[in-house]
Amino acid sequence: MPELPEVETVRRGLEPVLAGARLARVTARRPDLRFPFPDGFGQRLTGARIEALRRRGKYILAPLDRGETLIIHLGMTGRFVIDDPRARRPAGDFALAAPADPKHAHVVFETEAGAVVTYFDARRFGFMDLTADGSIDAHPRFAGMGPEPLGAAFDADYLAAAFAGRRQAVKAVLLDQHVVAGLGNIYVNEALYRARISPLTAAGALTNKQRAGLVMTVRSVLEEAIEAGGSTLRDYANAEGAMGYFQHAFQVYGRAGEACRTPKCGGVVERAVQAGRSTFSCPRCQR
DNA sequence: CCCACGACCTGTGGGC
DNA sequence: TGCCCACAGGTCGTGG
């Protein structure tokens, strides 16, 4: 599912259709996703105007003109599909992801301009909520959330403080959204590879130089992935139904048993399991 | 606080 | 072809 680059790609795809749009009707086709929809979900959105589309970590935020903000998390398999009769099909060729299965169409947003935006989520690990504006930072989902990895607050000094004294593996610490918001299993593996740091290293044992390097590689891998429209493994597709293509740039993720791509390294990518999730790394060039 | 593990839910791909 | 198991981009809760 979507990590920061995929969520940002989805946000950018939805923005031209939803930002500034008034919602003619919003329908939840079942009572819950991972959690129940908030009371009156459809009614509270119907008639509201979406002022903007923002992102925080892996969340999409849609502030409304009614003083509430719609919060959306895509979980593992959340996906939006836009049907906008006014929009011209984008030119050029791009690979289309497999069509979303209609039986997993859980929420339908219809705008007054006639666009229909449908949320699909096979596994239903995603969720939506409504909260009063201004209380986003107090919302349990956001309280204590770490800085944006592409923002100025995420730097070597910040990481020094966040990692200090932590004996937990650096990979697990980077996956903790309280430390930094938006990284997931793919990009943590790729950023550690680029920084030549073993995922198993205790976070508190990293050197200044390693932390500074990690800040750079986290940023670069996320920026490049956003540029590529995210990564498509199975379910992910952008709002136009197209696949991202950053998966072709993976250096370690999903490459167990294959040759390390570092020139002259000669190592073989290994798969390990940390906290129940696959870790990929080259034991030869990541220390 | 740390960590491993199971739970949530469905689909898919690989091995036999 | 069919079946079964392992695994999947995320988080949360529990128990040691």
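Throughout, a chain's letter reflects where its sequence line sits, starting with A, and its residues are numbered from 1.
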What is the nucleic acid contact for A:R166, judged by heavy atoms within less than 4.0 Å: base, sugar-phosphate only, or nothing?
-> sugar-phosphate
A:R124 CZ to C:dC12 P, in whole Å, measures 18 Å
With sequence neighbours left out, the residues meeting side-chain hydrogen bond (donor to acceptor under 3.5 Å, both in side chains) with A:N208 are A:R211
Whichever of A:A122 and A:Q274 has its nearest DNA chain B nucleotide further upstream toward 5' = A:Q274
How would you label the contact of A:R141 with the nucleic acid (heavy atoms, under 4.0 Å): base, sugar-phosphate, or nothing?
-> sugar-phosphate
Which string of ( ) [ ] | and . matches DNA chain B, if you list each base 5' to 3' and count Watson-Crick or G-U pairs only when both distances are under 3.5 Å?
-> .|||||||.|||||||
Pi-cation contact, A:F127 with A:R141 (under 6.0 Å, within 45°) = yes
Looking at every strand, decide which applies to A:S231 at a 4.0 Å heavy-atom threshold: base, sugar-phosphate, or nothing.
-> base
Mind checking salt bridge (Lys or Arg N to Asp or Glu O under 4.0 Å) for A:R11 and listing every partner two or more places apart, or none if nothing turns up?
-> A:E8, A:E15
Result block: side-chain N/O donor-acceptor pairs under 3.5 angstrom for residues 153-163 of chain A, not counting sequence neighbours:
unit_1 : atom_1 : unit_2 : atom_2 : d
A:D155 : OD1    : A:D157 : N      : 3.2
A:D155 : OD1    : A:Y158 : N      : 2.8
A:Y158 : OH     : A:V179 : O      : 2.5

Could I get the full list of side-chain hydrogen bond (donor to acceptor under 3.5 Å, both in side chains) partners for A:T131, not counting sequence neighbours?
-> A:S135
To the nearest Å, give me how far apart CZ (A:R34) and P (C:dG10) are.
-> 12 Å
Rounded to whole angstrom units, what separation is found between the CG atom of A:D121 and the P atom of C:dT11?
-> 13 Å
Which part of the nucleic acid, if any, lies within contact of A:G184, taking any heavy atom under 4.0 Å across all strands shown: a base, the sugar-phosphate backbone alone, or nothing?
-> sugar-phosphate
Atom-pair distance (CZ on A:F280; P on C:dC7), nearest Å = 10 Å
Taking atom C1' of C:dA6 as reference, at what distance in whole Å does atom CZ of A:R277 sit?
-> 15 Å
Could you state the CG-P distance from A:L183 to C:dG10, rounded to the nearest angstrom?
-> 10 Å
Counting side-chain heavy atoms from CB outward, which of C:dC12, C:dG10, C:dC7 is closest to A:F125?
-> C:dG10
Phosphate OP1/OP2 of C:dA8 contacted by A:S278 side-chain N/O (<4.0 Å) = yes
CD of A:Q247 versus P of C:dA8: gap in Å, rounded?
-> 16 Å
Roughly how many Å is it from CE in A:M145 to C1' in C:dT11, rounded to a whole number?
-> 11 Å
Mind checking side-chain hydrogen bond (donor to acceptor under 3.5 Å, both in side chains) for A:E270 and listing every partner two or more places apart, or none if nothing turns up?
-> none
Phosphate OP1/OP2 of C:dT11: any A:H73 side-chain N/O under 4.0 Å | yes
Along DNA chain B, first and last positions that approach a heavy atom of chain A under 4.0 Å | B:dC2 to B:dG11
Results of side chain to side chain contact (heavy atoms under 4.5 Å, CB included) for A:A239 - residues two or more places apart only | A:L14, A:I82
Side chain A:S198, main chain A:L200, donor-acceptor under 3.5 Å = yes
Provide the distance between the two P atoms, one in B:dC9 and one in C:dC4, to the nearest whole Å.
-> 22 Å
Can you tell me how far P in B:dA7 sits from the matching atom in C:dA6, rounded to whole Å?
-> 14 Å
Just checking, is any N or O donor in the side chain of A:Y187 or A:E6 under 3.5 Å from an acceptor N or O on the other one?
-> yes
Sequence neighbours excluded - ring pair (Phe, Tyr, Trp, His ring centres under 6.0 Å) pairs with any residue from residues 258-287 of chain A = A:Y253-A:F280
Closer than 4.0 Å, any side-chain N/O of A:Q177 to the OP1 or OP2 of C:dT11?
-> yes
Give A:Y187 one of three labels, base, sugar-phosphate or nothing, depending on what nucleic acid heavy atoms sit under 4.0 Å from its own.
-> nothing
